[in-house]
There are 2 protein chains.
Amino acid sequence: MRVTLKDIADEAGVSIMTVSNVVNGNRARVSADTIERIQRIVADRGYVPSASARSLAAKSSRMIGLLVPAADEDSLMISPHNVAILGQIERQLRKSGYHLLLRGIAQPSEVGEALKSWSLDGAVLLNFFDEDIDRLTPGAVGNVSLLAVDSYSDNPLTTGVRSDDYTGALLAARHLLGLGHREIVFASPAITGVGVVHQRYKGFRAAFAEADLTWTERLVTIETATHTTGREVGRRIPTEHPDATAVFATADILAIGIMEGLADSGHAVPDQLSVVGFDNLDLSEYVTPKLTTVAQDIPQKAALAVERLLASIEKQEHPDSPITLDVQLIERSSTGPVRR
Amino acid sequence: MRVTLKDIADEAGVSIMTVSNVVNGNRARVSADTIERIQRIVADRGYVPSASARSLAAKSSRMIGLLVPAADEDSLMISPHNVAILGQIERQLRKSGYHLLLRGIAQPSEVGEALKSWSLDGAVLLNFFDEDIDRLTPGAVGNVSLLAVDSYSDNPLTTGVRSDDYTGALLAARHLLGLGHREIVFASPAITGVGVVHQRYKGFRAAFAEADLTWTERLVTIETATHTTGREVGRRIPTEHPDATAVFATADILAIGIMEGLADSGHAVPDQLSVVGFDNLDLSEYVTPKLTTVAQDIPQKAALAVERLLASIEKQEHPDSPITLDVQLIERSSTGPVRR
DNA sequence: TTGAAAGCGCTAACAT
DNA sequence: ATGTTAGCGCTTTCAA
């Protein structure tokens, strides 16, 4: 069976508390001799503490959850953007001695269950609708630290780490305006629901405002930002918005689909229409033409998320005010001067 | 504090065992009345069983690990291929009432620790070198069920679920031979170490053998299959192998990099060189030209992996013999007839 | 159909 | 510097 503290204690001829102290690095309470002897036995026998027992006896599980929305029958929809975040989060947690529970959430009510079941010390909410985050109640959350990535919810139970979506869209729109474009399509998921999209919409319009221009509203709303929907949109745009000379899409994967849809219907990018994305996925550099887009520092975002989450766990209080990271416009080949 | 069995029991005026039986669906031991009354209280109070306590008292944790190699300072390198697997695995486990612990493994020795720490019922090894799987010892693994995705290790402690790599490469090479190509570069990570690559190498050569042709060995070996290394390789190939008319890369992401490197050095695909990949990533359809590649049914692979893993957990024995899934050649635009 | 007792492996709080 | 006691919340076994 499993090697336990007691096994080690018996073999060393000490009490289990002494072993526990050694294992937990409580060196102040044990003599150097004993420490060394016990460490040897621990290594020899391959002792690994039981996290369950520890979690039960102590207050902390040292496990945090990564919660991602997922309809019951669907698998986790992990976008390239979220993959990068996921990888970084795991690494940061591992380095800090925490474990990661990855869990799909079919209904907002499952959040509470996920937190309680394993007594999670905290959780990162990835890709949630702000509306769902708003609805999280103290009863469901308890004193668990919650950090929502890319959220603009002001639910005090959570804090956010996000990129400067407003400025990102502003930069993108400025870039297009600078190239002479005036008739620009704004392609995105519904502007309500996800605060990120709303911010980008505001930033986009602000660019027109600061140039004393009026934007002819050209909205194309999609269900979800995928390559497939993008492609459909790309096919429709030339007929739905024949005057448009540029498209701003709120996600690279969407923009790339749009470029393909445009190509399908015989429209050249950037000669006939310019396209700008958002995210700076690796992918955006692999496609032809290479996509002009807004870059976020994803590793930094993830690192900050974990850092703030762990800090709030250690302080035993709900997280601080949200934080916003800088963005940057990456000019590539999918945009060019307007031609009429 | 937390709502416990005892809280429910007190409120219902029964013993905790009765509540436990109700919660665990042990309906045979409780009267219908009591069941209903308890279920109401459980719902009202928002009771969620403590997985730690359960794991400690029972034998099973109902948690399985997804272990992925990751150097200490590196974040999890989750390729698009593995993302798809990861998402599917989480869904399957959730549907079966299991939880998923995601863990990067810096050294093979950490596998045992990962398994023991949370008393995992089983684990999926994703992306491991066969050599490392070979070295797993009964001591480290215990009676935990282990399933290695894409492995050809014959370590009896594990079982494998993988695609038919041999046939995949065979199909790809046949396709190129059918187009008249004879001088074909085989671009891959080192052929030892990862059995998958070795299988693909064998299949590749088999295509020549069955056509009574001899392959002029044109190997390009890379460190890791990434877009960046692919691009470098693509730039080198025309000078290192001036006679080559086609390239078979063992991963789409590599093939896509190669196409770009070829373009960098002014070589047209497929007019001057044909390129074939492996995996059929979404990505392979987004690039220009669209990549001819070998498709594996990733969702099925993941589903099968979980199914077999859970079966072996429930039977309390090490998993059965490995299983191999069919593959399919997807012809797109990156390959064409040889032109001299 | 229901309950009581024991213990899973550990830690916190208090002895010694 | 080391040990003792009392649980954490649950399941298993045995009894009623």
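Reckoned from all heavy atoms, side chains included, excluding hydrogens, waters and symmetry mates. Labels below follow one simple rule: chain letters A, B, ... track the order of the sequence lines, proteins then strands, and each chain is numbered from 1.
Taking side-chain N and O atoms only, B/Thr34 has no distance below 4.0 Å to OP1 or OP2 of C/dT1. Neither OP1 nor OP2 of D/dC10 sits under 4.0 Å from any side-chain N or O of B/Ser52. Using a 4.0 Å cut-off, no side-chain N or O of A/Asn21 falls inside it from OP1 or OP2 of D/dT2. In this structure, A/Ser31 reaches the D/dT2 phosphate: one of its side-chain N or O atoms is under 4.0 Å from OP1 or OP2.
The residue among A/Val30 and B/Lys59 whose nearest nucleotide of DNA chain D is located toward the 5' end is A/Val30. Comparing A/Tyr47 and B/Val14 by the nucleotide of DNA chain C whose heavy atom lies nearest to each, the residue mapping closer to the 5' end is B/Val14.
When distances run from any side-chain atom of B/Ser20 to the nucleotides C/dG3, D/dC10, D/dT11, the shortest one goes to D/dT11. Across C/dA4, D/dG9, C/dT11, the shortest atom-to-atom separation from the side chain of A/Arg54 is found for C/dT11. When the nucleotides C/dT1, C/dA13, C/dA5 are ranked by their closest atom to the side chain of A/Met17, C/dA13 comes out on top. Distance from the side chain of A/Ala57 is smallest to C/dC10 among C/dA12, C/dC10, D/dT2. Proximity note for A/Thr18 (side chain, C-beta onward) versus D/dC10, C/dG3, D/dT2: the nearest is D/dT2. The listed nucleotides are D/dT11, D/dG9, D/dT2; the one nearest the side chain of B/Ala58 is D/dT11. For B/Thr4, the listed nucleotide lying nearest its side chain is D/dC10; candidates were C/dT1, D/dC10, C/dG3.
Atom P of nucleotide D/dT11 and atom CZ of B/Arg62 are separated by 12 Å, given to the nearest angstrom. One atom, CD1 of A/Ile38, and another, P of D/dA1, lie 13 Å apart when rounded to the nearest Å. Atom CG of A/Leu5 and atom P of D/dG3 are 13 Å apart (whole Å). Across the protein-nucleic acid pair, B/Leu56 atom CG and C/dC8 atom C1' stand 4 Å apart, rounded to whole Å. Across the protein-nucleic acid pair, A/Arg37 atom CZ and D/dA1 atom P stand 15 Å apart, rounded to whole Å. Between B/Arg29 atom CZ and C/dT1 atom C1' there is a gap of 10 Å when expressed in whole angstrom units. The CG-C1' distance, from B/Asp33 to C/dT2, rounds to 14 Å in whole Å. Computed from coordinates, the A/Asn26 CG to C/dA12 P distance equals 9 Å when rounded to whole Å.
Note on A/Asp297 versus A/Lys301: no salt bridge recorded, every NZ/NE/NH1/NH2 to OD/OE distance being 4.0 Å or above. No salt bridge links A/Arg40 with A/Glu36; every basic N to acidic carboxylate O contact stays at or beyond 4.0 Å. Salt bridge B/Arg45/B/Glu11: present, at least one basic N to carboxylate O contact under 4.0 Å. A salt bridge is absent between A/Arg37 and A/Asp33; no separation between the charged side-chain nitrogens and carboxylate oxygens falls under 4.0 Å.
Defining each end axis of the helix from C/dT1-D/dA16 to C/dT16-D/dA1 as the rotation carrying four pairs' C1' atoms onto the next four, with five pairs an end, the two axes are found to diverge by 30° to 10 degrees.
Taking NZ of A/Lys6 as the reference point, atom CD1 of A/Ile16 lies at 8.5 Å (rounded to 0.5 Å). Between B/Asp132 atom CG and B/Asn127 atom CG the span is 11.5 Å, to the nearest 0.5 Å.
Residue A/Val19 is tested with A/Thr4, A/Leu5, A/Thr34, A/Val30 for a side chain to side chain contact (heavy atoms under 4.5 Å, CB included); the sole match is A/Leu5.
A 6.0 Å sphere centred on CZ of A/Arg27 holds no more than 12 heavy atoms belonging to other residues, nucleotides or ligands.
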